*Asks:* 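Below are the structure tokens for one structure; questions will follow.
Nothing here was measured: the structure is a model prediction, and the numbers come from that model. If you read the sequence from its start, that first residue is 1, and numbering goes on from there.
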Amino acid sequence: MNEQIQTETVTTSAPTIEVPDFIDKEPPEVKNAKSLAARYRLPFIDLLPPEQESPIDYDELAKLRSI
């Protein structure tokens, strides 16, 4: 008797984060900051972005602290 073996190709990928899910899980401080920025028609700048360098210039910040 011949036995037939069926194989399936499985592809895996990194999990994706849906934008609405991420927005719903933002800390309340971030939600408030975004709301204030929108209220005053200013851009919201994330000071601690998860995937890139922070826009904070630490040399300038150190100069301010020494005043």
Side-chain angles (χ1 to χ4, degrees):
M1 289 180 99
N2 290 339
E3 292 184 25
Q4 292 182 348
I5 300 174
Q6 294 181 347
T7 59
E8 294 181 24
T9 304
V10 178
T11 56
T12 59
S13 62
T16 58
I17 298 175
E18 296 295 325
V19 173
D21 293 339
F22 181 73
I23 291 173
D24 292 340
K25 295 178 183 172
E26 286 182 332
E29 297 85 3
V30 173
K31 288 181 183 179
N32 290 341
K34 287 184 176 182
S35 174
L36 282 171
R39 178 179 179 181
Y40 293 104
R41 298 183 185 134
L42 297 169
F44 171 77
I45 299 173
D46 189 357
L47 297 178
L48 299 171
E51 295 183 2
Q52 56 189 356
E53 189 175 326
S54 175
I56 298 172
D57 185 349
Y58 290 101
D59 294 331
E60 291 296 322
L61 184 60
K63 289 177 189 176
L64 291 174
R65 294 177 86 192
S66 65
I67 294 177

*Asks:* Verify the cluster assignment for Leu42 and Leu36: are they in a single hydrophobic cluster under the rule of side-chain heavy atoms below 4.5 Å apart?
*Replies:*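 Yes, because Leu42 and Leu36 connect within a single hydrophobic cluster, where side-chain heavy atoms sit under 4.5 Å apart.
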*Asks:* In the single-linkage hydrophobic clustering (I, L, V, M, F, W, Y; side-chain heavy atoms under 4.5 Å), do Tyr58 and Ile45 co-cluster?
*Replies:* yes
*Asks:* How close do Lys31 and Glu26 get, heavy atom to heavy atom, and via which atoms?
*Replies:*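 Of all heavy-atom pairs spanning Lys31 and Glu26, the closest is CE-O, 3.6 Å.
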*Asks:* How long is the straight-line distance from CD of Glu51 back to CG of Asp46, given to the nearest 0.5 Å?
*Replies:*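 Result: 11.0 Å between the selected atoms.
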*Asks:* Does Leu47 offer a backbone N or O that forms a donor-acceptor pair with the side chain of Ser54 under 3.5 Å?
*Replies:*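 The answer is yes, because a donor-acceptor pair under 3.5 Å joins these two groups.
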